[in-house]
Amino acid sequence: MCGAYKDTVDRRDVLRYTGAAVTTAGLASFAGCIGNGDDDDDTGDGEGGDIEMDSLTITQGEFPDVEDPNDHITGPYFNVYDHVYEPLFDVTPGEEPNPRVVESWDHGDDGTVELTIRDDVVFHQGQQLVAEDIAFTLERQIDPEVPPVSDQVAGLGSIEGAEAIDETTLELSYSGAPQLAEFEFGNYLRALSQEWYESDAPTVDGVISGDDEEAFNGTGPFQVVEYNPAQNRIVMEPFDDYWGEVPSINELIFEGETSDSGRVSSLLADETNLIDNVLPDDVGEVEASGDARIEQVTSFRNIFLPMKNEVEPFDSQEFRQAMNYAVDNQEIIDEVLSGFGEAMSQPVPPGINGYNPDLDPYPHDLEEAEALVEEAGYTEDDPAEITLTAPEGRYLNDADVGRRAADQIDQLPNVECDVDIVPFDVVSDAASAGPDDEEIPFFLIGWGVITGDADYGMVGFFHEDGGVQTFQDEELQSELEATQVEEDPDTREAMLQDVNELAREKAPWVFLHLQESIYGLDEDIQWDAREDESIYVWEMD
């Protein structure tokens with residue numbers, strides 16, 4: 001992989017060089033590994049790993065329900081579409097982004113950065129990739145006046161605009177620190193052809209939508225040759241005109257199967273080659289099969305219960321803190337997740353820039369919880385009545401985690417807590433409905449901090465412009481905004497740690513656990529699971 005210098009230069013050094021030295025070239029020149037499709041040693045640009053198979057099938061618990069690659073911020077969607085709509089950078093949280101379609105970038109001294117893109121990239125339907133395409137893609141992600149509207153604004157809060165200088169040069173403007181801008185544009189740039197969208201793309205009310213392969217047109221190493229949304233199935237083949245090395249897999253298939261046991265059965269029956277979210281109870285069966293193995297990693301995905309604080313009784317800080325004391329994180333990890341997980345103490349996980357190592361999870365203390373609920377105005381004779389809404393199939397044992405948490409809260413004499421198990425899109429919509437939405441004010445969701453920076457873990461939920469705000473608090477929002485314009489990486493990291501401490505005190509969520517990602521895959525496929533939950537074929541051998 002590119003970035004071999006990481007043995008001697010750690011992440012904070014990288015951030016210091018790229019964030020503070022705003023007049024120098026970005027990570028491209030530092031890494032010295034600009035992608036080049038003509039270079040035999042070039043293996044870091046997503047053009048295909050060493051895996052050689054006629055056909056590879058990956059089955060996920062969730063399958064995309066939209067065809068627009070810029071529509072959702074959801075890991076399983078990225079896993080499918082990143083093979084078609086390739087990221088412009090290679091990014092691993094905690095490490096440096098590496099050049100890919102973008103060859104290099106230079107920060108100006110006026111809140112701008114100039115990106116140089118490759119001149120040999122073409123879309124699957126024949127259009128040449130030019131800087132104007134990337135500018136169009138980014139503008140539609142941040143400006144609701146530029147159709148088709150995208151909701152990825154939650155990940156691009158500091159980016160203000162994009163302008164094509166010429167066919168291979170793009171200028172981005174940003175309002176915050178250069179370090180924050182790099183976290184954001186490094187993760188969210190996936191080019192859409194403006195010419196294609198305006199002339200040939202199938203759309204419904206301006207939104208990219210279709211039920212066959214014509215609905216896709218990326219620049220990635222794989223092109224879509226068969227698409228059946230009704231069957232949660234998409235088939236891809238190598239793109240012969242890809243700018244890098246053409247993949248050696250003849251056919252790549254993604255499928256969706258919400259049944260946890262169904263995915264395991266498919267793997268053991270050789271109907272698929274890789275599955276996600278293997279339940280802890282099924283790990284032994286997979287390992288005993290002899291033909292499949294388990295791959296697992298503690299992910300950057302935080303599982304939590306947002307409480308919308310413009311809805312009673314969650315408008316009370318005492319009540320929100322009480323919910324944290326009432327839920328026994330460790331019991332859930334031990335008994336519902338069979339030990340797979342790590343109790344959380346704050347909004348972002350360890351390993352993320354801005355994580356505060358001095359904070360502990362809320363202890364399980366029913367007496368303290370009961371007293372705080374009473375301070376909030378609820379008694380045994382007049383209990384608070386709440387419902388916890390939880391998805392099924394999206395996260396590891398999510399429905400059972402929700403049931404157990406609701407049961408633990410319901411043990412309080414002054415709270416009656418029901419549970420409602422729903423499809424994931426119901427929960428996803430609830431997250432976007434605003435902090436005053438009374439329909440579903442208390443729910444279970446997960447958030448993977450894919451940028452590696454705490455800003456992404458908190459702004460979405462705690463800032464009015466975040467896109468998925470569930471908690472309205474002027475102090476928390478103000479403190480977050482201050483971190484966004486701090487250019488010194490060390491100072492900014494300390495500020496983010498303070499924000500995490502403040503968030504723990506205000507208790508906008510019930511902090512549950514860090515998810516353990518458990519995959520089942522063919523015994524002969526060599527692949528290391530990633531903390532950001534990305535599944536890339538080019539990382540398999």
Side-chain angles (χ1 to χ4, degrees), residues 154 157 302-327 329 344-348 359 361-362 368-379 382-390 402 405-406 408-410 412 414-420 426-447 454-483 496 498-512:
N302 191 7
I303 306 296
F304 51 95
L305 311 178
M307 296 174 279
K308 297 193 172 185
N309 68 324
E310 294 190 3
V311 179
E312 294 181 347
F314 305 111
D315 56 341
S316 163
Q317 178 168 310
E318 289 78 12
F319 190 88
R320 297 192 304 271
Q321 290 177 334
M323 297 301 96
N324 276 280
Y325 283 113
V327 172
N329 290 0
M344 285 296 296
S345 61
Q346 56 196 287
V348 302
L359 302 179
Y362 276 85
E368 179 69 13
E370 181 181 352
L372 286 167
V373 170
E374 193 163 320
E375 285 185 36
Y378 300 93
T379 65
D382 184 21
E385 298 179 1
I386 60 176
T387 297
L388 172 60
T389 302
Q408 292 171 343
I409 293 171
D410 196 55
L412 294 171
N414 43 10
V415 179
E416 293 179 358
C417 185
D418 293 327
V419 64
D420 186 19
V426 175
V427 171
S428 178
D429 290 343
S432 304
D436 60 350
D437 173 58
E438 296 184 351
E439 186 174 353
I440 302 179
F442 186 37
F443 54 96
L444 184 151
I445 201 166
W447 192 257
D455 183 86
Y456 182 75
M458 293 190 280
V459 164
F461 288 87
F462 304 154
H463 196 284
E464 60 186 358
D465 296 328
V468 288
Q469 186 187 25
T470 58
F471 190 72
Q472 173 66 47
D473 185 87
E474 290 186 7
E475 182 183 16
L476 193 54
Q477 178 166 306
S478 176
E479 294 296 321
L480 273 170
E481 290 173 344
T483 70
L496 287 168
D498 290 342
V499 175
N500 269 297
E501 183 174 4
L502 181 64
R504 183 188 184 279
E505 178 185 354
K506 291 181 178 292
W509 308 337
V510 175
F511 303 106
L512 291 182

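In what follows, residues are counted from 1 in the order of the sequence shown.
- Minimum interatomic distance between Ala390 and Val427 (heavy atoms only, all atoms of both residues): C-CG2, 4.3 Å.
- Heavy-atom minimum distance, Pro361 versus Ser345: N-CB, 3.4 Å.
- The shortest heavy-atom contact between Val468 and Ser432 is CG1-OG, 3.8 Å.
- Side-chain atoms of Asp420 never come within 3.5 Å of backbone atoms of Thr387 as a donor-acceptor pair (strictly under, hydrogens ignored).
- Counting only distance, with no hydrogens or angles, the side chain of Asn309 and the backbone of Pro508 share no donor-acceptor pair below 3.5 Å.
- Environment of CD in Glu375: crowded, with over 12 heavy atoms of neighbouring residues, nucleotides or ligands closer than 6.0 Å.
- Note: Ile386 CD1 to Met323 CE = 5.0 Å, rounded to the nearest 0.5 Å.
- For the ring pair (Phe, Tyr, Trp, His ring centres under 6.0 Å) test, residues two or more places apart in sequence or in another chain that qualify with Tyr362 are Tyr325.
- Counting only heavy atoms from C-beta outward, the side chains of Leu444 and Ile303 approach each other to under 4.5 Å.
- The shortest distance between side-chain heavy atoms of Phe319 and Val415 falls below 4.5 Å.
- For Ala431 against Phe443, the heavy-atom pair with the smallest separation is CA-CZ, 3.8 Å.
- Here the side chain of Lys308 pairs no donor or acceptor atom with the backbone of Phe314 at under 3.5 angstrom.
- Here the OG1-CG distance, from Thr483 to Leu496, works out to 4.5 Å after rounding to the nearest 0.5 Å.
- The environment of CD in Glu312 is sparse: at most 12 heavy-atom neighbours from other residues, nucleotides or ligands sit within 6.0 Å.
- Between Asp382 and Thr379 there is a side-chain heavy-atom pair separated by less than 4.5 Å.
- Take Phe461 and apply the ring pair (Phe, Tyr, Trp, His ring centres under 6.0 Å) test, not counting sequence neighbours, and it matches Phe304, Trp447, Trp509.
- To the nearest 0.5 angstrom, Gln472 atom CD is 9.5 Å from His463 atom NE2.
- With values rounded to the nearest 0.5 angstrom, Met344 atom CE is found 10.0 Å from Leu359 atom CG.
- In this structure a side-chain-to-backbone donor-acceptor pair under 3.5 Å is present from Asn414 to Glu370.
- Side-chain contact between Met307 and Asn324 is present, with at least one heavy-atom pair separated by less than 4.5 Å.
- A pairwise comparison of heavy atoms in Ala406 and Leu388 identifies N-CD2, 4.0 Å as the closest pair.
- With contacts defined as side-chain heavy-atom distances shorter than 4.5 Å, the pair Leu502/Leu476 qualifies.
- Applying the salt bridge (charged side-chain N to carboxylate O under 4.0 Å, His left out) definition to pairs two or more places apart or across chains, those involving residues 498-512 are Asp473-Lys506, Glu475-Lys506.
- Between Ala503 and Phe462, the shortest heavy-atom contact is CB-CE1, 4.3 Å.
- Atom CG of Leu305 and atom OG1 of Thr470 lie 11.0 Å apart (nearest 0.5 Å).
- A donor-acceptor pair is defined here as one N or O able to donate and one able to accept, closer than 3.5 Å; such a pair exists between the side chain of Asn302 and the backbone of Pro347.
- Using a 4.5 Å heavy-atom threshold, the side chains of Asp418 and Glu385 count as separate.
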Step-by-step side chain to side chain contact (heavy atoms under 4.5 Å, CB included) determination, Gln477 to Glu474
CA-CA 5 Å; Gln477 178 166 306; Glu474 290 186 7; 5.8 Å; no
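- With values rounded to the nearest 0.5 angstrom, Leu412 atom CG is found 11.5 Å from Glu374 atom CD.
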